[in-house]
Amino acid sequence: MKPLSRRQMAWRAAQDIAEGTYVNLGIGLPTMVSDYIPSGREIVFHSENGILGMGPAPKPGEEDKDLINAGKGLTTIVPGGVFFHHNDAFLMIRGGHVDLALLGAFEVAENGDLANWTTEDPDFPPGVGGAMDLAAGAREVRVLVEHTTKDGRPRIRKRCGYPLTAPHCVKRVYTNLAVLDITPEGVVVREMVEGLDLGNLQERTEARLRLANDWKRLEAPSL
Amino acid sequence: MKPLSRRQMAWRAAQDIAEGTYVNLGIGLPTMVSDYIPSGREIVFHSENGILGMGPAPKPGEEDKDLINAGKGLTTIVPGGVFFHHNDAFLMIRGGHVDLALLGAFEVAENGDLANWTTEDPDFPPGVGGAMDLAAGAREVRVLVEHTTKDGRPRIRKRCGYPLTAPHCVKRVYTNLAVLDITPEGVVVREMVEGLDLGNLQERTEARLRLANDWKRLEAPSL
Amino acid sequence: MINKVVDNLAEAVAGVTDGATVLCSGFGAVGEPVELLNALLETGARDLVCVSNNAGTGDEGLAGLIAAGRVRKIICSFPRTTDPHCFEAAYKAGKIELEIVPQGTLSERMRAGAAGVGGFYVKTAVGTKLAHGKEMREIDGELYVLEKPIKGDLALCRADRADRWGNLTYRKSARNFNPVMAMAATLTAVQVREVVRLGTLDPECVVTPGIFVDRVVVV
Amino acid sequence: MINKVVDNLAEAVAGVTDGATVLCSGFGAVGEPVELLNALLETGARDLVCVSNNAGTGDEGLAGLIAAGRVRKIICSFPRTTDPHCFEAAYKAGKIELEIVPQGTLSERMRAGAAGVGGFYVKTAVGTKLAHGKEMREIDGELYVLEKPIKGDLALCRADRADRWGNLTYRKSARNFNPVMAMAATLTAVQVREVVRLGTLDPECVVTPGIFVDRVVVV
């Protein structure tokens with residue numbers, strides 16, 4: 001079995017983004033997706049702190065402390081990029097103008113429920129940021145997440161155990177083992193990595209899986 | 001008796017506007033108020049179609065068809081003036097950021113009710129424009145209106161006969177005969193033109209009047 | 001390459017269907033996308049619900065649509081502006097339905113449609129006949145009326161400059177309803193004076209980001 | 001002559017009282033009015049309710065107020081941002097109350113406070129524990145939660161340039177919460193990099209019109 005690396009997961013998610021899509025990338029793994037957009041394909045990246053047309057991280061010497069992304073890392077804008085205030089940034093999210101939110105997750109349930117904001121760890125104060133706005137508002141929500149936790153517990157579940165970010169919002173999940181669609185008929189496997197069959201994958205998944213008739217091998221270049 | 005002319009009414013209302021006030025002037029007579037602000041006093045005029053810092057009508061040759069006021073007449077902006085969209089223009093009104101609205105009226109009632117948007121004439125379709133937003137939203141509403149109709153019926157009434165624009169909103173009324181304050185204790189006469197006493201004024205007024213102890217003659221320069 | 005600039009007015013309004021709700025920008029004739037409205041007339045679309053501050057000036061644009069009997073209903077704050085004879089004739093003949101909405105509420109209802117707000121409470125119109133039949137609510141001792149969002153199937157707007165991503169700037173008071181209407185429709189078409197190269201518009205001064213715009217046409 | 005420019009930071013925050021609700025702008029440290037917040041600390045005001053996206057970075061600004069025990073409650077979307085040690089210490093010691101609000105709802109609640117909107121319905125947080133205890137409503141077949149406005153007694157903001165009327169422009173993503181917070185308070189004080197002569201700022205590019213601003217101080 002050849003699980004994808006995190007970079008390969010980001011690459012795989014990037015391939016599905018059509019030209020002209022307005023995309024918000026969550027903090028962490030999803031942020032890496034912008035590195036793997038096929039060249040020549042114009043995608044407009046939205047940042048909750050008031051940017052459309054966000055570009056790559058700045059080159060050394062070109063950093064501007066007033067230009068940051070949602071994760072508070074330094075960023076840039078591309079030609080055509082614009083600035084606006086927080087209220088307009090979230091009007092775009094809540095009003096369904098952002099076509100796609102690619103988010104991280106703790107858990108996704110077979111009905112599309114998403115849990116990605118708190119594990120209720122008593123040692124840390126909770127924080128939600130823009131997670132609920134994105135999950136409830138973006139026209140489509142896709143998730144990037146390792147298929148299981150480090151100790152092997154499944155993250156694709158029948159019901160989420162952690163508090164929900166939004167119910168019924170996730171349409172597609174990219175894991176290190178598979179590409180899964182959340183459909184009214186359940187969780188459908190679109191792609192699996194080499195060396196896995198449905199039985200092996202089901203063992204690592206709490207949600208009931210169905211194999212798409214036209215399923216494919218999940219493959220990514222070395223990155 | 002020396003009733004004020006319309007220009008003198010506008011002049012009188014202008015004298016009460018303190019420096020730094022954000023003012024919206026209604027269409028018609030109130031629009032003339034801007035001509036009589038004492039020189040050197042900075043007042044910021046707001047227009048519902050997205051202007052702060054509206055100036056006088058343009059000089060011949062300086063007209064710009066994209067720069068109009070709420071009455072659709074050509075206007076100008078002064079240094080410090082800015083443009084914004086309709087939604088922000090009405091956020092300023094509804095949110096109480098506009099300090100003062102000076103409006104015309106068909107009738108004002110002794111409880112501060114204002115009727116200034118429709119006489120329910122069946123020959124004309126009704127139209128409200130920004131009248132209700134201003135009456136309900138501006139921090140203070142004052143009215144400029146002839147004391148009676150052309151055929152002598154009082155416009156300052158116990159209750160408005162025409163449909164209301166907003167209840168309990170008018171604080172002060174400038175007429176061609178008097179300056180009246182709408183108070184919790186009723187309508188108080190602050191100023192009357194020469195040749196009138198309270199009895200004469202009451203005859204022209206349906207609302208019950210009280211004379212302020214410190215009432216004054218209502219006087220205005222020839223204009 | 002993203003390119004929202006279309007070749008002509010017909011392309012800009014292509015696909016509108018009978019019965020559509022059309023947000024028609026402008027304050028009187030200023031900021032009114034007259035040529036786009038004329039193009040809408042040429043599509044033959046009928047039974048339209050038009051949302052606009054006024055109800056048409058002169059004979060062109062929104063007035064022309066009304067004169068041709070294409071507008072079933074108009075939602076506006078003030079139908080009678082400069083030269084409203086097309087609307088007045090249709091109204092007197094009982095050929096057009098009129099819904100009067102206070103101007104700020106009209107704008108805010110469209111913003112709600114754009115912002116994913118399902119309803120909101122304002123004091124405007126409380127205690128007046130324009131609140132009749134609407135739900136009231138007391139909040140912190142004051143009465144408010146519940147207002148519902150307005151979403152357009154199509155918005156027709158007018159701007160000054162655009163780029164191929166649909167970023168827009170406006171000119172003076174011609175901005176008026178354009179930014180809020182551009183946000184509030186499924187399909188937004190904008191007529192502009194000039195299209196400039198991507199990256200030319202100052203990113204601090206773009207008023208309508210291209211995310212709200214679908215088609216741009218130079219007039 | 002209207003002149004909103006004050007001489008120093010102490011004047012800019014003068015008059016704030018114990019128990020005040022203070023809107024503290026910034027997204028992390030970007031756009032945070034650090035010097036105004038430091039000046040607020042020096043006033044000695046306590047028992048404050050602070051509204052901010054985060055809960056302070058490092059030791060200055062909002063973090064300094066929290067470390068000094070001046071903040072009774074913080075309303076924010078994400079308390080833990082870069083270096084939140086002042087907040088974390090206060091939170092673990094049970095010395096600060098925390099209300100978590102989704103970021104867009106936080107912004108929209110302040111806009112409602114600014115716009116005379118008494119309440120509004122959004123889908124954000126429906127079906128989650130952040131909607132517990134809030135009123136729900138079904139609109140057109142979908143569930144919404146009722147959200148209430150937030151108004152500040154004081155807003156502390158940071159901008160790039162200003163004029164004596166209080167018109168403001170911002171710089172890149174330092175704009176963030178500043179425009180909405182500037183609108184939503186009874187008293188708005190802004191620290192700026194530069195004050196320019198009236199008429200210098202392009203009237204098409206002013207982001208916050210001076211009507212929302214009370215005091216400007218150059219830092």
Side-chain angles (χ1 to χ4, degrees), chain B residues 17-24 37-55 64 66-67 75-101 130 132-141 166 169, chain D residues 1-6 23 107-120 149-153 155 159 161-170 179-188 195-216:
Chain B
I17 307 177
E19 177 152 278
T21 307
Y22 290 89
V23 183
N24 184 294
I37 300 296
S39 76
R41 203 185 284 182
E42 274 193 343
I43 308 291
V44 183
F45 290 103
H46 172 275
S47 190
E48 68 190 22
N49 56 323
I51 311 171
L52 269 172
M54 197 164 46
D64 185 326
D66 281 343
L67 186 40
T75 188
T76 56
I77 64 164
V78 299
V82 299
F83 301 111
F84 38 88
H85 57 59
H86 240 85
N87 210 260
D88 279 347
F90 278 88
L91 178 153
M92 293 174 193
I93 293 170
R94 199 188 315 101
H97 306 281
V98 172
D99 297 311
L100 174 63
M132 287 189 183
D133 309 273
L134 283 162
R139 202 170 303 168
E140 184 166 338
V141 175
C169 63
Chain D
M1 197 179 85
I2 299 169
N3 187 10
K4 300 184 180 181
V5 182
V6 299
L23 313 183
S107 179
E108 191 71 8
R109 288 177 64 189
M110 289 187 279
R111 183 190 176 276
V117 169
F120 59 92
I150 294 176
K151 278 218 72 159
D153 298 302
R161 303 210 294 170
D163 61 28
R164 65 176 171 84
W165 280 16
N167 292 311
L168 305 178
T169 62
Y170 301 91
V180 68
M181 287 186 173
M183 305 193 302
T186 307
L187 180 72
T188 293
V195 170
V196 298
R197 200 167 45 84
L198 198 70
T200 305
L201 300 175
D202 182 347
E204 303 281 6
C205 299
V206 165
V207 175
T208 295
I211 192 171
F212 299 121
V213 174
D214 300 286
R215 297 173 187 169
V216 171

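Note that these values count all heavy atoms, side chains included, but never hydrogens, waters or copies made by symmetry. Just so it is clear: chains get the letters A, B, ... in the order the sequence lines come, proteins before strands, and each one is counted from 1.
In this structure the side chain of D:Lys4 never reaches within 4.5 angstrom of the side chain of D:Trp165, judged on heavy atoms.
Contact of B:Val98 with chain D is made through backbone and side chain together, with heavy-atom distances under 4.5 Å. If you measure heavy-atom distances from B:Ile51 to chain D, you find no contacts under 4.5 Å at all. For D:Leu201, no part lies near chain B; criterion is any non-hydrogen pair under 4.5 Å. Contacts between D:Arg197 and chain B at a heavy-atom distance below 4.5 Å are absent for every atom of the residue.
Going from atom CD1 of B:Ile77 over to atom CG of B:Leu67 covers 7.0 Å, rounded to the nearest 0.5 Å. Rounding to the nearest 0.5 angstrom, the gap separating the CG atom in D:Leu187 from the CG atom in D:Asp214 is 5.0 Å. Note that CG of B:Leu100 and CG of B:Leu134 are 10.5 Å apart. Values are rounded to the nearest 0.5 Å.
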